[in-house]
Amino acid sequence: MANLRFQALNAVLSRTIPEVKTPSSKISEFFGVNVFDKKKMKEFLSKEAYQSIINSIELGTSVNREVSEQIAAAMKAWAMTKGATHYTHWFQPLTGTTAEKHDSFFEPTADGSAIEKFSGDALVQQEPDASSFPNGGIRNTFEARGYTAWDPSSPAFIMESNTGKTLCIPTVFVSYTGEALDYKAPLLKALSALDKAAVDVCHYFDKSVEKVNASLGIEQEYFLVDLALYNARPDLLLTGRTLFGHMSAKGQQLEDHYFGTIPERVYAYMLDFETEALKLGIPLKTRHNEVAPSQFECAPIYEEINLAIDHNQLLMDVMEKVARRHNFKVLLHEKPYAGVNGSGKHNNWSLITNTGKNLLAPGKTPKNNLMFLAFFVNTVKAVHEHADLLRASIASVNNDHRLGANEAPPAIISIFLGSQLNDVLDEVESARISKKVKEDNSLWLGIPKIPQILLDNTDRNRTSPFAFTGNKFEFRAVGSSANSSAPMTVLNTIMADQLVKFKTEVDKLIKKGEKKDIAILTVIKKYIKESKSIRFEGNGYSEEWEKEAASRGLSNFKTTPKALDAYVSEKTLNLFEKLNVFNHRESEARHEILLESFYKKLQIEARVIGEIVNSVIIPSAVEYQSKLVQNVQGLQAIGLDKATYKAQLELITKIATHVNFIKSNVDSMVAARKKANAIDDLRDRSIAYDETVKTFFEPIRYHVDKLEQVVDDGQWPLPKFRELLFIK
Ligand code: ADP
Ligand code: MG
C-alpha cells in the first residue's frame, strides 16, 4: 500500500467541488435569518418586554425575572419555528475555543406525555459542569461550581449542523464566587469603564452624548489545506503547524498570490462559509488572497466590540465546520509554515458615540478637532503608558513565531500615525496657545487644520503593530487564532484609565480658573510631549529600529513567558482592580493559565517532534540508505570499482550524519524536557521550555529538512510544502 502521503495526494487529485447554493442572490434576503435580532424580538415579544430588552442592550440595564420568562418563551417559540430542538449557553472559556452544553427543550410531564419547555431561569443561568476548564486555581474543588449568565447585549442565534439545530445563547462564564473564567466577562467590564470615562470627556464638548461604544472590525487571515494532506501530517494535526518541511522551491517570492484570482475550489468554500456566517448575522464584507500561497483573508463590517468578538469567535467555528464539507482544513495558527508569512487578526478599533460620532475621526471645525485630538492623543498616551501590557495581551506560543519575523509587526509596541497627523501633533506640541477671541466669540486656539480625508488612510505602514488608519486604530499584532477579547479588554481598560486621568487634570486646571478649551489643550500638549517615544513612522522590521527602540527605553519582549510579566506587575494589578476589570486573584489566575498553556503547547510540540523523528523520519531515511547500501554491494559484486558508486557512498554518509544528529538532539531535547518538567514555579518552567527545550526544534528540523531533500521522493512519508501550499 502506498504511504499515507501518496494516498492523500491521490485523494486530492480526485476531489470534486461541492455545489454551493446560497438562499438568494440578495444577501439582504437571508442576512441574520438565524439570529433572534431586534426585528424578531419585536414580533415575538410584548411591547413592554421588547422595550426592556432594548434598554438592556442599549443602556445596559438589567432584565427582571418576569421579562426574562417572556423572552425565554419567545426565543423558544422562534427557535422551534426554525426547527431547533436544543438550546445551549454559548461561552468563551480560557481554552481559546467556544464551549456549549446542549439541553433539550423536551421535558416529560407528570401524565407521561411531554412538552417543549424553556424557562426564564434556563435562559438567564446555567451550571455547566465545568471543573475541567482552565481556571488558574480560582476554583478549588470545594467551590468547583461555575455558572454561565446570559449576556442580553449579544443576540441568541441558531447554529445549524447536519445533525440538528441548536439555539445558542451568548453568556459569560464565572465561578461560583463571582470570578471571571472566560474572555467575555472582563471585556464587558472594561467596556463599561470605558463608556463612563469617555462619556465624561465627551461632555466637555457635547452634552448630548449618553453612551460611547467601542467599535471593532476584525480582519481574519487563514490558510487552507486539503484535509487528506492535513491528516497525513501528524504535526499539523496535533499542533496546528508544520514542525518540519523544507520550503518548496517556489514560495511567496514572486508575490503572485496576493489579491490574485481566487481558485475555484477555494471560492466555493468561501461562498459556503460566508453564507452560513451571513445567516448568523456576521456582516462579512471582503475576501481576498493573502501574501503567502494558500493564505486568505476575510473581514466583516465593524460592529460594537462585544458583538464583533462574539461574531469572530463564531466565524472561526463556522469556517472550521464548513471546511469539512469541502475537504479542506482551515489553519488558524499564527505560523503554520516556516518560510512564508504567518497569519494575523488585525483589530480595527474606534470609539463611537450614541449620537453616531466617531471620536477618532477628525472633524470639520477647530472645535471638533479639539475633541478629536483629545481622544486621539489620549489613545497615544494610553498605549505609551501601558505598552508592556498590550504586548502581554497578544503573547502566545503561536504568536512568538510571528512577531518580529520580518513579515509581522515587531514585538516592540509602537504607534504609527502617518505623516500628516505626526505633523499635526508636532505643531500642537510647539504651538503657543492663543487666547485670541474669534469673531464668533470662541477662542482661536491655534490648532492646526487637520484634513478630513487623511492621506495616511492609504499610507500603509505594514510594519507597525499599532497604526492609525484615518478614523480608527489598527492593532495588527493580534494573532490569527486569538480571542480578540484579551487585547481588547486591555486596550479599552487602558483607554478608560487614561481618559479618567485626563479629565482629572483638565478639571484641576478649570478649577484654577483656566478656560475649558485652554485647559484641554494644555493637557493635550503635555501628553504629546510625554508620549513621544512610542511614535515611530519608520520600518519596524529593520535592525536599526530595534536599536533605536532600546535607546528610547521601549521594551522588546520576544517571547511569551517574560512578556506575560506585565499582566501581574503592581501597575497592572492596580489598574485592573481600580477599574473593576479584574481583581488581583483574577489577574494572577489569568497569568497562570497563559503560562500553563504556553509551556504545555511547547511540550506537545516537543513530543510530536520526538515521535515523528523516531517513528517516521529515521525509518524512512534508513530504508533509503539500505537501498543505497544494497546498490553499492551489488555494484561491488559485479566487480566495479569505487569511483562508480562514489555518489552513493557520499549519500550514505550524509544520511548517517543527519540521522545521528537528529537522534542525539532528540535525546537531548527529551532530557531538557524532563529537567523543565521538574521545575515547580510555572514562570521558571515556561522559561526553561522556551530557552532550553524549544532551542532544539530548529536544529532538528534543519537536519530533517536536509533528509527530505535527499531521500527518494517516492519514499518520503510526509506531504511536502509544495503539496501543502500549492495543490488545491
Ligand atoms: P484593510 O485595508 O486594512 O484591509 P479595510 O478597509 O478592509 O482595511 O477595513 C478593515 C476593517 O476595519 C473592516 O472590518 C472595517 O469595517 C473596519 N473599520 C472601518 N471603520 C472602522 C471604525 N470606525 N471602527 C472600527 N473598525 C472600523
Ligand atoms: Mg488591515
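Counting begins at 1 with the first residue of the sequence.
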Is Glu505 salt-bridged to Lys501, cutoff N-O under 4.0 Å?
no
Is a donor from one side chain sitting under 3.5 angstrom from an acceptor on the other, for Asn358 and Lys472?
no
Quick check: does any side chain N or O of Ser464 sit under 3.5 Å from a backbone N or O of Phe466, one acting as donor and the other as acceptor?
yes
Exam field: side chain Asp400 to backbone Thr560, donor-acceptor pair closer than 3.5 Å
yes
Measure from the ring center of Phe376 to the ring center of Phe473 and say whether it is less than 6.0 Å.
yes
Between Pro487 and Ser393, which heavy-atom pair has the shortest distance, and what is it?
CA-OG, 3.4 Å
Let's go through Glu474 and Thr469 carefully: what are the C-alpha distance in whole Å and the side-chain angles of both, what is the deciding distance for side-chain contact (heavy atoms from CB on, under 4.5 Å) to 0.1 Å, and is it a yes or a no?
CA-CA 7 Å; Glu474 187 169 338; Thr469 48; 3.6 Å; yes
Any donor-acceptor pair under 3.5 Å linking the side chain of Glu210 with the backbone of Asn354?
no
Ionic contact status for Arg241 with Glu605, cut-off 4.0 Å
yes
Just checking, is any N or O donor in the side chain of Ser419 or Glu537 under 3.5 Å from an acceptor N or O on the other one?
no
Sub-3.5 Å donor-acceptor pair from the side chain of Asn213 to the main-chain atoms of Ser215, do we have one?
no
Where do Lys558 and Glu546 land on the salt bridge (charged side-chain N to carboxylate O under 4.0 Å, His left out) test, with the steps shown first?
CA-CA 11 Å; Lys558 289 189 193 274; Glu546 272 203 46; 3.1 Å; yes
Looking only at side-chain N and O atoms, does Glu544 offer a donor or acceptor that is under 3.5 Å from a partner on Asn539?
no
Under-4.0 Å salt bridge between Asp195 and Lys211
yes
Should Asp565 and Arg683 be marked as a salt bridge (charged side-chain N to carboxylate O under 4.0 Å, His left out) after you check the CA-CA gap, both sets of side-chain angles, and the distance that decides it?
CA-CA 9 Å; Asp565 288 348; Arg683 179 176 180 273; 2.7 Å; yes
Taking atom types as modelled, find out whether Asp317 and Thr98 have a side-chain donor-acceptor pair closer than 3.5 angstrom.
yes
Pair Tyr689-Asn677, side-chain contact (heavy atoms from CB on, under 4.5 Å): steps then yes or no
CA-CA 9 Å; Tyr689 260 94; Asn677 289 341; 2.6 Å; yes
In terms of the angle between their ring planes, are Phe502 and Tyr204 parallel, tilted or perpendicular, with boundaries placed at 30° and 60°?
perpendicular
Counting only N and O atoms by type, is there a donor-acceptor contact under 3.5 Å from the side chain of Asn399 to the main-chain atoms of Arg402?
no
For Tyr599, does the six-membered ring have the charged nitrogen or CZ of Arg685 within the cation-pi criterion, i.e. under 6.0 angstrom from the centroid and within 45° of the normal?
yes
With a 3.5 Å distance limit and no angle check, can you tell me whether Lys184 reaches the backbone of Thr171 through a side-chain donor-acceptor pair?
no
Side chain of Glu586, backbone of Ala180: donor and acceptor closer than 3.5 Å?
yes
Check for a donor-acceptor pair, side chain of Glu429 on one end and backbone N or O of Lys529 on the other, with a separation under 3.5 Å.
no
Check this for me: does any side-chain nitrogen of one of Lys381 and Glu530 sit under 4.0 Å from a carboxylate oxygen of the other?
yes
Looking only at side-chain N and O atoms, does His333 offer a donor or acceptor that is under 3.5 Å from a partner on Ser480?
no
Walk me through whether Phe475 and Trp349 qualify under ring-ring contact (aromatic ring centres under 6.0 Å, His included).
CA-CA 8 Å; Phe475 192 14; Trp349 171 87; 9.8 Å; no
Matching residue for Leu191 among Ile305, Val212, Val581 - test: side-chain contact (heavy atoms from CB on, under 4.5 Å):
Ile305
Quick one: do Ile218 and Val478 satisfy side-chain contact (heavy atoms from CB on, under 4.5 Å)? Show the steps, please.
CA-CA 10 Å; Ile218 300 178; Val478 185; over 6 Å; no
To the nearest 0.5 Å, atom NE2 of His591 lies from atom OG of Ser569 at 10.0 Å
Candidate pair Ile352 and Lys357, rule side-chain contact (heavy atoms from CB on, under 4.5 Å), full reasoning
CA-CA 5 Å; Ile352 299 181; Lys357 184 174 170 50; over 6 Å; no
Hey, are Asp507 and Lys511 close enough for a salt bridge, meaning a charged N less than 4.0 Å from a carboxylate O?
no
